[in-house]
Protein chains: 2
Amino acid sequence: MSNSRNTIARTEILNLIREAGEALSHADLQASLGDLCNRVTIYRVLDRLLEEHLIHKIADVDGNITYAACHDCSGRHLHNHIHFRCEECQSVTCLNQVEPEFKLPRQYVVHSMNFTVSGLCPKCSGKR
Amino acid sequence: MSNSRNTIARTEILNLIREAGEALSHADLQASLGDLCNRVTIYRVLDRLLEEHLIHKIADVDGNITYAACHDCSGRHLHNHIHFRCEECQSVTCLNQVEPEFKLPRQYVVHSMNFTVSGLCPKCSGKR
DNA sequence: TATTAATTGCAACTAAGTTGCATTAATAAA
DNA sequence: TTTATTAATGCAACTTAGTTGCAATTAATA
Ligand SMILES: [Mn+2]
Ligand SMILES: [Mn+2]
Ligand SMILES: [Zn+2]
Ligand SMILES: [Zn+2]
């Protein structure tokens with residue numbers, strides 16, 4: 001079924017995203033990978049991992065993109081949890097347990113969701 | 001208090017955003033404005049209107065930015081309504097009446113929100 | 001009307017992402 | 001194991017989005 005090849009770049013990028021405590025940007029990945037692969041390859045591997053539903057994409061209110069691992073996307077791949085972006089430490093984290101409730105008019109067909117809240121994370125709000 | 005000047009570009013851009021039925025991108029504005037002003041001016045006017053809480057910024061899951069008018073932002077300027085992006089007609093609309101309910105752990109301090117749902121809008125889902 | 005500082009246009013620049021194509025390498029078939 | 005197939009990669013060039021510095025313009029105020 002999956003004709004996706006198990007390359008060094010793919011393996012390493014998926015590991016980095018899975019083991020990071022927070023969502024990673026393309027720039028984060030490039031910094032970690034050094035010259036393991038070309039920056040274009042990072043874009044292409046990310047696209048592939050998205051298609052394979054192994055990671056999901058997050059955009060904050062300014063359009064900054066980060067990527068985080070999927071956990072139970074075998075079925076739906078619908079990410080209805082909230083993401084939090086800290087304006088102090090710039091971290092983006094998945095709050096997998098926080099799923100907003102809302103009701104759209106019947107005629108809307110939902111394919112994907114992107115919920116991002118910005119402010120101060122617990123670590124940074126404590127420092128005030 | 002407001003030392004923001006009432007220029008032609010500012011007036012025209014605010015009118016366009018207020019009278020549009022959907023959120024507008026920088027490119028949309030540039031197309032409508034023609035050579036009324038430079039494209040850099042559009043960026044700067046948008047920044048000003050954001051600071052003045054007259055418009056708000058919306059990012060979809062791919063990071064595409066659009067702008068929509070604020071309605072009752074005299075007080076909080078907290079946009080907790082959902083935005084819908086249609087994958088067919090590409091429109092982005094404010095669903096001002098749809099405010100998701102959710103609960104963050106106490107330590108999080110919320111400054112702003114960005115909720116975007118993608119799929120098919122009523123107009124486009126009917127065509128199927 | 002004269003003064004002042006906000007605003008603008010322009011050119012140059014940076015950052016982010018895309019594309020075409022020749023080369024490399026993971027996988028499966030022989 | 002060797003060979004064949006085609007996904008994946010590197011590289012260079014390109015596009016798109018947004019930023020910056022600075023001189024010129026102009027809205028607001030005195
Ligand atoms: Mn997430
Ligand atoms: Mn809105
Ligand atoms: Zn933080
Ligand atoms: Zn539509």
Side-chain angles (χ1 to χ4, degrees), chain A residues 1-17 23-68 85 87 90 92 114 116 118, chain B residues 1-17 23-68 85 87 90 92 114 116 118:
Chain A
M1 176 63 216
S2 167
N3 51 356
S4 179
R5 293 183 181 178
N6 223 8
T7 64
I8 297 169
R10 193 193 111 114
T11 305
E12 198 54 41
I13 289 170
L14 186 53
N15 279 345
L16 283 169
I17 293 175
L24 300 180
S25 65
H26 176 275
D28 291 334
L29 290 166
Q30 192 173 3
S32 292
L33 292 166
D35 59 355
L36 181 127
C37 69
N38 189 270
R39 70 192 188 88
V40 179
T41 299
I42 302 175
Y43 284 115
R44 298 199 264 222
V45 168
L46 288 170
D47 285 344
R48 235 178 315 147
L49 294 174
L50 284 169
E51 275 177 13
E52 297 169 17
H53 295 190
L54 295 173
I55 63 174
H56 61 285
K57 197 172 178 178
I58 307 159
D60 75 2
V61 72
D62 292 317
N64 300 306
I65 304 293
T66 49
Y67 303 87
R85 167 153 208 133
E87 291 163 358
Q90 312 297 328
V92 176
N114 183 57
T116 308
S118 299
Chain B
M1 178 64 218
S2 168
N3 50 355
S4 178
R5 292 183 181 177
N6 223 7
T7 64
I8 297 168
R10 193 192 111 113
T11 305
E12 200 53 40
I13 290 170
L14 187 52
N15 280 344
L16 284 170
I17 293 175
L24 301 180
S25 65
H26 176 275
D28 292 333
L29 290 166
Q30 192 173 4
S32 293
L33 292 167
D35 59 354
L36 181 126
C37 70
N38 189 269
R39 71 190 187 88
V40 180
T41 300
I42 302 175
Y43 283 115
R44 298 199 265 223
V45 168
L46 287 170
D47 285 344
R48 235 178 315 147
L49 294 174
L50 284 170
E51 275 177 14
E52 296 168 17
H53 295 190
L54 294 173
I55 63 175
H56 61 285
K57 197 173 179 177
I58 306 159
D60 75 3
V61 71
D62 292 316
N64 300 306
I65 303 294
T66 49
Y67 302 88
R85 168 155 207 131
E87 290 163 359
Q90 311 296 330
V92 177
N114 182 57
T116 308
S118 300

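Naming: A, B, ... by sequence-line order, numbering from 1 per chain. Fair warning: this is a prediction, and the values are worked out from it, not measured in the lab.
To the nearest angstrom, C1' of D:dC11 lies 14 Å from CD1 of A:I42. Residue A:L36 contributes atom CG, which lies 10 Å from atom P of D:dT9 at whole-angstrom precision. Here the C1' atom of nucleotide D:dG21 and the CG atom of B:N38 are 14 Å apart, to the nearest Å. Whole-Å rounding puts the B:L29 CG to D:dG18 P distance at 11 Å. Nucleotide D:dC11 holds its C1' atom 15 Å from the CG atom of A:D35, rounded to whole Å. Atom pair B:Y67:OH and D:dA17:C1' shows a separation of 10 Å (rounding to whole Å applied). Taking atom CZ of A:R39 as the reference point, atom P of D:dG10 lies 12 Å away to the nearest angstrom. For the pair A:Y43 OH and D:dT15 P, the interatomic distance rounds to 17 Å; values are reported in whole Å.
The partner of D:dA30, taking Watson-Crick or G-U wobble pairs whose two distances both stay under 3.5 Å, is C:dT1.
One finds a side-chain N or O of A:T41 lying less than 4.0 angstrom from the OP1 or OP2 phosphate oxygen of D:dG10.
A distance of 4.0 Å separates CG of B:L50 from CD1 of B:I55, quoted to the nearest 0.5 Å.
Under the 3.5 Å distance criterion, the side-chain polar atoms of B:N38 are matched with a main-chain donor or acceptor of B:V40. Put simply, the side chain of A:T116 gets close to the backbone of A:A59: a donor and an acceptor are under 3.5 Å apart.
Residues in residues 28-45 of chain A take part in no salt bridge (Lys or Arg N to Asp or Glu O under 4.0 Å) pair, two or more places apart or across chains.
Counting non-hydrogen atoms under 4.0 angstrom, B:A27 reaches nothing in the nucleic acid. Residue contacts for A:R44: at a heavy-atom cut-off of 4.0 Å it reaches a base atom on one of the strands shown.
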Quiz item: What's the verdict on side-chain contact (heavy atoms from CB on, under 4.5 Å) for A:I65 and A:H26, showing C-alpha distance, side-chain angles and the deciding distance?
Solution: CA-CA 8 Å; A:I65 304 293; A:H26 176 275; over 6 Å; no
Self-check item: From CA spacing to verdict: side-chain contact (heavy atoms from CB on, under 4.5 Å), A:L29, A:I17
Solution: CA-CA 8 Å; A:L29 290 166; A:I17 293 175; 4.2 Å; yes
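On the nucleic acid side, DNA chain C has its first and last nucleotide under 4.0 Å of a heavy atom of chain B at C:dA5 to C:dA12, going 5' to 3'.
Residues B:D60 and B:V92 are not in side-chain contact: their nearest non-hydrogen atoms beyond the backbone lie 4.5 Å or more apart.
Remark on DNA chain C: of its neighbouring residues B:V40 and B:I8, the 5'-side contact belongs to B:I8, judged by nearest-heavy-atom nucleotide.
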